[in-house]
Each structure stands twice: as structure tokens, then as C-alpha cells.
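Proteins get letters first, then strands, A, B, ... in listed order; numbering begins at 1 in each. This structure is a prediction, so every number in the text was calculated from the model and none was measured.
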Amino acid sequence: MEKDQDQILSDVTTGEYKYGFYSDIEMDRIPKGLSEDVVRMISAKKNEPEWLLEFRLKSYRHWLTMKMPAWPNLKIPKINYQEIIFYAAPKERKKINNVEDIDPELKKTFDKLGIPLQEQKHLAGVAVDAVIDSVSIKTTFKETLAEMGIIFCSFSDAVKEYPDLVKRYMGSVVPYTDNFFATLNSAVFSDGSFCYIPKGVRCPMELSTYFRINSANTGQFERTLLIADEESYVSYLEGCTAPSRDENQLHAAIVEIVAEKNAEVKYSTVQNWYPGDKEGKGGVFNFVTKRGMCKGENSKISWTQIETGSAITWKYPSCILRGDNSTGEFYSVAVTNNHQQADTGTKMTHIGKNTKSTIVSKGISAGHGQNSYRGLVKVLKNATNARNYSQCDSLLLGDKCGAHTFPYLEVDNQTAIVEHEATTSKIGEDQIFYCNQRGISTEDAIGLIVNGYAREVINKLPMEFAVEAQKLLQISLEGSVG
Amino acid sequence: MLIINNLKASIGGKSILKGISLHVKPGEIHAIMGPNGSGKSTLAAVLAGREFVEITEGTVTYLGKNLLDMTPEDRAKEGIFLGFQYPIEIPGVSMVNFMKTAVNEHRKHKGLDPLSASDFLKLMRDKKELVEIDSKLANRSVNEGFSGGEKKKNEIFQMAMLEPRLAILDETDSGLDIDALRIVANGVNKLKRPDNSFIVITHYQRLLDYIVPDVVHVLYDGRIVKTAGKELALELEEKGYDWIKKEIENNVTA
């Protein structure tokens, strides 16, 4: 009763990070810093073939000519690349074949994160490729999937076992020259996931990767390559949590997706990396390049993301709609609380005829958070009857945060129909009081209202993930964490 | 049930309630009538715990407790329900989700386990029938895109779900057509029990054709100037509020 509204809002928006812990695992590291030797060392550590080393070196040399982009609406502290360790792997005792053989410390970490690594839980239908720091520890369900011809393994294994596929598709969607961070990734990427769905196969389970940054001062440079061959379908989940750190950690990943004729790919992300403390100290820098190519006719790629973590997020999951009648979708909820910053959105490039894209972006800003939507809808000359619908909503909690929208439209075809809608709203005192009067506390009311606001996006997630995402949204905006 | 003693309150430094005393016993229906600006809605806001109203003097005792010390949500869970004059829209939050959260908070307060999904849906169905509201309302977001009448019916539905000890209906009849008015009034009559009470705030007498009050108060310029039985409402309807105003002025000059 006496507590005033601002106080309540400030209480619920200064929640502590729930996943702040650090696992003590023996790591195999290389010296910090970046040079051609370091690139060679990474490649050698991983016993890579010559062609891949060449790809890395070519990328590294190109990276030296590039400058960090200055256009995002972000305040990024200077990153000293010579202070970063570019490769760290848990020391391998032997090849791991079953769950019992996994380092108990590592297992504890997974348990804390709630990753269902136990076989029986996998029967629930999630195949997990767990990535800790830089190397894939275990890929489950590999055999089950293999029977259907589905390849789901670490990127390193794919390089060894399916070099032709990797060579053919790697860099075909995100070229090594693409942007500063993608180029850096191409030079020093450590590991990641590889997935291939053969012609006509509908992947019977959700494929999932959990990323986690653990070792102090290690950058994480994941690389994911996902190929859906003709008439195939796959739903892929990516979830991230990282422990508390004092120094900023750099994460510059690449995700490449290729959808062939009539193929459909759903890619869902729940990102909850350490956002820094209440003063904005520490936290992960998340500079990710995610792009999908709708290569064949009638193909479809759908991105869904719930972004609640990271100190700085710089991320634009995009679709290149090359095949005629192809469809691209982007559904996003991005939360910035305390001193978090996010500049996120999408690019939809319409090349083929009758291509369609949908963008639904929901930003939530609290505390001193700054949230920017940046989106490009580009319709090329030959993209007859291209259609885009964009909706960008911003929700503000309190009066110290900010929401910004930067929509770019480039339309070179007269028949295109492009729509853009944007709204900004505040959680009203009246709404909170209405909930209070029905017996709902202010914290629960904010949770309810925020989840209601984000529902359109959360509904796009697979069921299990949706529940997790709802909790995460509430946690990231609440003071008391259970 | 509720004892208000010499309550004075102001909004933004402006004195609105100038010494109100009221005693509501279990099982009673009190009607509070009065012209616009007399302080009716402010009284409702004070009872529900709105923060913008500053209480300068007086006490409010509810079931033996000091009501003014309680948070709005605790008042709600202790059985106070406010039917809003202007119900609030909450986009994206379904009525089912909203009500489930509210009902389970009430249950938690009473030390009961949350209702299972099927029990909850059954409760919703029963109450919807009781207050004759359209099934579809419950599948929509809270009040979003509801007509004025639908919003008011939705308030009555929520009241039925939460089974309050003391329900305060703030001009629930305003803007209702005759059918909606009947539904709202029937809702109140069906929910009336010997152990719960209602304060019905209204500008017009017509709601009181359907809800028969035990006591009628007339609020004027922040004070209760007249209290009588249900016949007072009829008298008011006939003579208008000017009659009251004149009577007061006469008293002052006399």
C-alpha cells in the first residue's frame, strides 16, 4: 500500500541472474591472442584437413582488413582481441560413449541448467547436442536419427565424416567476407552443430543444441550448419545459458541454414546468457550472424527467438528468399533489463517470385535497458508479387529505458506489397491495479501482462520450450528468483 | 462487516471525502447514490486501495481488521471485490489465464491447493451460466475489444468466480441497455447470501428496480447527507438531486 509504483517496478526489474555459477573443469587452452599461428594451432588441435585450414587463413587475412561496424545503436566497449583465448576444450580423458563416462563436474553443470542428458529423458523426444565451451561432448540419439539418414553431429565430426557436404554448403549462405564478426568466426570457429535432413524425411523429433560459455576469458565461436534437402522438415532448438563472469565475454557465432525445394526449417532460440550485473558490469557480448537461404521453390524458413540475456545483443536472423513461392518468418521477443542493450531484427531479401515474409518483433525494455529493432525488407527487381508484413511492438516498464525502431525498406518491384506496423506501449498502473484488485500481486501481474504481450511469439515455439520461455521472461523481469 | 468512521480523503490536495461514516452488516445491500462529483467513485477507490487517494483522517475496519493497512491484493484476497466503472483492457492475457491466476491466488490465501485445469474450467462454465454471459467472452483477452455492456457483464462474471464477502459495484449500471442491466442485477441477486454484502454505487434509480437495497445513502459534496430505506431511491427519482441540494442549503441557512 505504502510502496509506490516506481519502487515496485524497480524491484521487479532488477532481478539477479539465476544461472550465475562456474564449473571447475580441467580445460585444454591455447595462449591468448590472435595471429595466423593461433589460427593454425586451432586447426591443428582439431586435426583438420588442409582445405579447412585454408578457409580459416583466408578468413583471418580478410578480417585483418575489416573494421568493427559502427552502425548499431549500441555502446560497445573496445574489445582487445589479443586478450581473448580463442580455443578452450574440456580435457578429454577418452572417447565418451555413454552418459556415465561424462565428467561428473560437467554433468552437474548440465543438471543445474536442466539439460536432459539422461537417456530416458531423451525418450521424451529431444535429441541434444551439448556444446560446452568449444567442443561437443556428446550427441545423443545419433543412432536413431541415423536410421532415417539424418545426420546430427558436431561440426568437427562432420568435417571428418561428411567433408563433401560441409565443403558444398559452408559459407554458401554466410560467406567468409560477410561481416566483421562472421569473418572472425570463419577464422577461429571452434565447434558447433551440423545437421542434414535427407530428401523427403520429416525429422521425428526436435533437434536441440545447448550452448554454454564457461571458461574464463574464452571467446565462443560456434558454427552451425543446417541443411534441409528437398521435401524435408526439421525443427531445431537452440538454448543458451552461461555462468557469471567479471570480464566481458565475446560470442560470435554463425548459423547457416539451407532449405531446398519444398523443405521447411523451424529454428527456435531461447537465449539467456549472463547479462551483466545490475550496474551493467560483465555480461556476454552476443554478436551473431544467422541466415537462412530458401534455395528451392516453396521452401520455408522460420526463425523464432526469445532473447532475455547478454549484455549486448547484435543479431539479425535473416532469410534469403531465392526460390519462387518461398516463405521467410521471423518472430522475436527481446528483453533488455538493467543496463542490457539489444540491437536486433531481421533481413528479408525477396529474390524469387511470389515470395512471402512475416516479421513480428516484440521488444520489452525495463530498468535502463535499450532495445532497438532494426529490420530490412528488400524486394529485388524480379521478385514479382512479393509480400511482406512487419509488426514491431515495444513495451516499456518504467521511465529509464528506451525502445527504438529502425525499419528499412528497399523495394524495386512495383507489384510488391509491403506493410509495416509499429506500436509502443507502457504497462499501465491501471492494468496493474486491476490485477491487484483481483488478488494478483504486482510481480505476477507484470509477468502475466508481459507474457500476454509476447504470446504471439511464444506460441510459435515448440510446446516444451514455450513453457521454459514463459518462465524465463518472468524471471528476467522479476526481483525474487525461485 | 465494514465500518467506516469519519473518513476524509483528498486527491492531489483537493478534499473529496469530507467525513464519511457507514456501517455495512453481513447480508445487507447498501446503495450509494448521488450526483456526479459527489465522491462516490473516490469512496470505492479508497476501499479498494488505490494509491492516488490520500487518506487524511478516519478509520475503515473490515472484518475487525484495519483495512487501510492492507495492500490492494490482500484486500482482494480477504474478500473485497471492486466492480470497476471503467474495466481495464489487458491485451494478450486471456480471461482463462487471468481468472485462473486470480482464483488460485485466493485459494492459496485460504491455504487451499490450486484448482486442477479441469476443475477450473468446470467452475468457469458454471459461473458463466449463472451470470448468463456469452461463452466466447472467456476465450478472449481481458476486456480487449469488449463493448461497454460486455465489460460490465465481465465484471459480474469475475465477481461470481471470486465469491467476495464484500462487493463494491461502482456504477456498474452506467451505459447498460435494459437486458444487460437485468443480467447484471440477476447476477447480484443470485450471488447474495446471508454472509456477504454489497455496496452498489449508482447515479440512477433504475438499477434499484432490480436490486432491492436494504439501505440507501445519498452522497453529496463528500458527505452522506441522507440515509433511509429503499423508498428513498424512489423519492430521489421523482424529485431529482436538486431536492437534496435545496434541503441541505435550507439546513445550512436555517
*For the candidates A:Glu456, A:Gln431, A:Gln437, which exhibits the highest count of non-hydrogen atom pairs separated by less than 4.5 Å from chain B?*
A:Gln437
*Which pairs pass ring pair (Phe, Tyr, Trp, His ring centres under 6.0 Å) with one or both residues in residues 129-171 of chain B, sequence neighbours excluded?*
none
_Interface residue of largest heavy-atom contact number with chain A, from B:Asn143, B:Val142, B:Asn104, under 4.5 Å_ = B:Asn143
*Which bit of B:Ile90 comes within less than 4.5 Å of chain A, counting heavy atoms only: side chain, backbone, both or neither?*
both
*Output yes when a side-chain donor or acceptor of B:Glu129 lies under 3.5 Å from a complementary backbone atom of B:Asp126, and no otherwise.*
no
*asked:* For A:Arg455, which atoms come within 4.5 Å of any heavy atom of chain B: side chain, backbone, both, or neither?
replied: side chain
*Do the side chain of A:Ser268 and the main chain of A:Leu237 share a donor and acceptor less than 3.5 angstrom apart?*
no
*Between the side chain of A:Tyr331 and the main-chain N/O of A:Lys362, is any donor-acceptor distance below 3.5 Å?*
no
_Pairwise ring pair (Phe, Tyr, Trp, His ring centres under 6.0 Å) hits with a residue in residues 89-109 of chain B, at least two apart_ = A:Tyr434-B:Phe98
*Look at B:Glu155, B:Glu89, B:Met99, B:Glu78 and state which one has the largest set of heavy-atom pairs under 4.5 Å with chain A.*
B:Glu155
*Can you check whether A:Gly363's main-chain N or O pairs, donor with acceptor, with A:Tyr453's side chain at less than 3.5 Å?*
yes
*Please look at B:Pro87 and chain A and tell me whether the side chain, the backbone, both or neither of the residue comes under 4.5 angstrom of a heavy atom of that chain.*
both
_Is B:Ser94 in contact with chain A via its backbone, its side chain, both, or neither, using a 4.5 Å heavy-atom distance?_
both
